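Some notes on the structure that comes next.
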Amino acid sequence: MDFNNRYIPMSRRRRIYEGKAKVLYEGPEPGTLIQHFKDDATAFNAKKHQIIEGKGVLNNRISEYIFQHLNDIGVPTHFIRRLNMREQLIREVEIVPLEVVVRNVAAGSLSQRLGIEEGTQLPRSIIEFYYKNDQLNDPMVSEEHITAFGWATPQEIDDIMALAIRVNDFLSGLFLGIGIRLVDFKMECGRLFENDMMRIIVADEISPDSCRLWDIKSNEKLDKDRFRRDLGGLLEAYTEVAKRLGILIEQERPAGSGPVLVKG
Ligand code: UDP
C-alpha cells in the first residue's frame, strides 16, 4: 500500500474518536487512521486537567521512537510513520478494552493496594489487567473476568502477555542505556484484521504519560507523576527523556518557541 501520496487537509478530515490526550482521524487509505497528540494532561480519571504546551509534540516523537524500534525488532505495532509534529499514521485496529500494566518496581496503585514501599524492586515483572471503562474508573480485572465477559479469548490473553513481556524487556534495556529506570508502564493492544487473519498488535502510545521513568542516579521522576503529584517541571522532564533518546538536539531553546526537534 502506498501511504505517501495522499494528504487530507485537516479541515476535511473525519474525526473518529477523541480521547483525553489524543484524537483519531480518518486516514488516507482504508485501514489507516491518523493519531493526533494533544497538549492535555489529565489524571485521576480526568478530574485533574491542564494544558501543557508542547507535551503532545514530545509524546508524538517519543512514542514514534519506541514504536518504530518495536517494529524493527519484530514486535508488531499499529505505527506506520510520523506525519508531522503532532500526528502519526497508524493501522486501524479493534482495541481490546484492557489496559495492560507491566511493573518492575513497586509504585503507584500497587504500592497503595499492597502496602509495598515505592521503589521496592519486585521479585519478578508483574502483568496486571484493567478494564477500560472510565465510568467504572478502570477497575483491575483477572483473566477469569476477561474471558468470562468476552473482552479477550484465552489465546488473545496469551498473545498480549507475550507482547507485554517483549515490550518490557525492550523498554527496560532502552531506558537503562540512557540512565533511566523503567518502573512500570501501560500498554494497549488491538486486533488487526488482514486477509481473513486476525492478530494482536501493540496500539495506542507509549510515552512518559504512560510509563514511570526514574533517573537511575537521582531517582528524579521523568514522567506524568510530575503532574499527578504536583511536582512541576513536566515539560522539562519529557524534554530530558527525548534528549537522552537522541530525539532532541542538545541546544538552547529559544524562549517561548518550545522544544527544538531533530528533523527526519
Ligand atoms: N497508567 C496509564 N493510564 C492509566 C492508568 C495507569 O498510563 O489510566 C500507567 C501509569 O502511568 C503507570 C502504570 O500505568 O506507569 C501503572 O499505574 P498505576 O496502576 O500505579 O496507577 P496510578 O498510580 O497512575 O493510579
Side-chain angles (χ1 to χ4, degrees), residues 17-22 35 37-50 52 55-56 58-60 62-63 66-67 77-78 95-122 124-142 145 151 160-161 163-165 167-172 174-176 180-190 202-215 219-231 233-235 237-238 241:
Y17 173 82
E18 175 143 15
K20 289 173 221 146
K22 294 190 295 291
Q35 177 164 262
F37 288 76
K38 301 190 287 185
D39 284 337
D40 299 62
T42 63
F44 312 116
N45 202 1
K47 285 196 265 295
K48 182 170 174 165
H49 178 237
Q50 198 183 320
I52 300 179
K55 179 175 82 76
L58 286 161
N59 279 352
N60 185 27
I62 294 169
S63 199
I66 291 170
F67 275 73
T77 81
H78 73 165
I95 290 287
V96 176
L98 298 172
E99 298 201 337
V100 183
V101 169
V102 184
R103 302 179 182 275
N104 302 304
V105 175
S109 68
L110 177 110
S111 290
Q112 285 182 357
R113 226 177 21 245
L114 303 181
I116 301 172
E117 197 188 340
E118 281 213 322
T120 310
Q121 184 77 36
L122 298 172
R124 61 176 175 81
S125 301
I126 294 174
I127 302 178
E128 298 171 342
F129 298 105
Y130 295 82
Y131 177 46
K132 263 171 74 79
N133 185 318
D134 283 342
Q135 281 174 336
L136 299 175
N137 258 327
D138 297 345
M140 182 150 81
V141 292
S142 72
H145 301 108
W151 300 323
I160 289 169
M161 289 178 77
L163 284 176
I165 290 164
V167 172
N168 185 48
D169 286 349
F170 169 74
L171 287 181
S172 295
L174 172 72
F175 286 119
L176 188 60
I180 291 173
R181 186 141 71 127
L182 177 66
V183 171
D184 56 33
F185 69 96
K186 184 265 298 184
M187 63 173 226
E188 296 187 25
C189 293
V202 183
D204 194 54
E205 71 175 286
I206 299 177
S207 72
D209 267 8
S210 55
C211 300
R212 282 200 171 90
L213 305 170
W214 295 357
D215 181 79
N219 272 330
E220 191 190 353
K221 296 183 198 318
L222 301 172
D223 57 57
K224 205 166 94 173
D225 272 349
R226 300 211 71 86
F227 170 70
R228 291 192 193 96
R229 302 181 187 192
D230 291 321
L231 299 171
L234 179 132
L235 206 63
Y238 287 26
V241 173

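All figures in this text were calculated on a predicted structure; none of them were measured in a lab. Just follow the structure's listing: the first ligand is 1, and inside any ligand the first atom is 1.
- At a heavy-atom cutoff of 4.0 Å, ligand 1 is contacted by no atom of Ala43, backbone or side chain.
- Side-chain contact check for Arg226 versus Glu220: some heavy-atom pair is nearer than 4.5 Å.
- More than 12 heavy-atom neighbours from other residues, nucleotides or ligands sit within 6.0 angstrom of CZ on Arg113.
- If you check each of Arg229, Lys132, Arg228 against atom 11 (O) of ligand 1, the one with the closest non-hydrogen atom is Arg228.
- From the protein, the heavy atom lying nearest to atom 21 (O) of ligand 1 is Ser109 OG, 3.8 Å.
- Geometrically, ligand 1 and Glu128 share no nitrogen or oxygen pair separated by less than 3.5 Å.
- Under the 4.0 angstrom criterion for non-hydrogen atoms, Arg103 is in contact with ligand 1.
- Heavy-atom contacts from other residues, nucleotides or ligands closer than 6.0 Å to CD of Gln121 number more than 12.
- Counting atoms of ligand 1 from 1 in the listed order, those under 4.0 Å from a heavy atom of Tyr130 are 19 (O).
- The aromatic rings of Phe67 and His78 sit tilted, their planes meeting at an angle between 30° and 60°.
- A salt bridge between Lys224 and Glu205 is absent, with no side-chain N of the basic residue lying under 4.0 Å from a carboxylate O of the acidic one.
- Considering each of Lys186, Met140, Arg212, Glu205, the one bringing a non-hydrogen atom nearest atom 17 (O) of ligand 1 is Arg212.
- In summary, the atoms of ligand 1 found under 4.0 Å from a heavy atom of Gly108, numbered by their order in the structure, are 20 (O), 23 (O).
- Comment: Arg212 does not engage Asp223 in a salt bridge, judged by the lack of any side-chain N to carboxylate O separation of less than 4.0 angstrom.
- Scanning the protein heavy atoms around atom 5 (C) of ligand 1, the nearest turns out to be Glu99 OE1, 3.7 Å.
- Each of the following atoms of ligand 1 lies closer than 4.0 Å to a heavy atom of Asp209: 7 (O), 11 (O).
- Taking the side chain as every heavy atom from C-beta outward, Ile127 and Ile165 approach each other to under 4.5 Å.
- Against a heavy-atom cut-off of under 4.0 Å, Val101 is close to the following atoms of ligand 1: 14 (O), 16 (C).
- Of the protein's non-hydrogen atoms, the one nearest atom 15 (O) of ligand 1 is Asp184 OD1, 2.6 Å.
- For the 3.5 Å distance criterion, the side chains of Arg103 and Ser111 fail to qualify, holding no donor opposite an acceptor.
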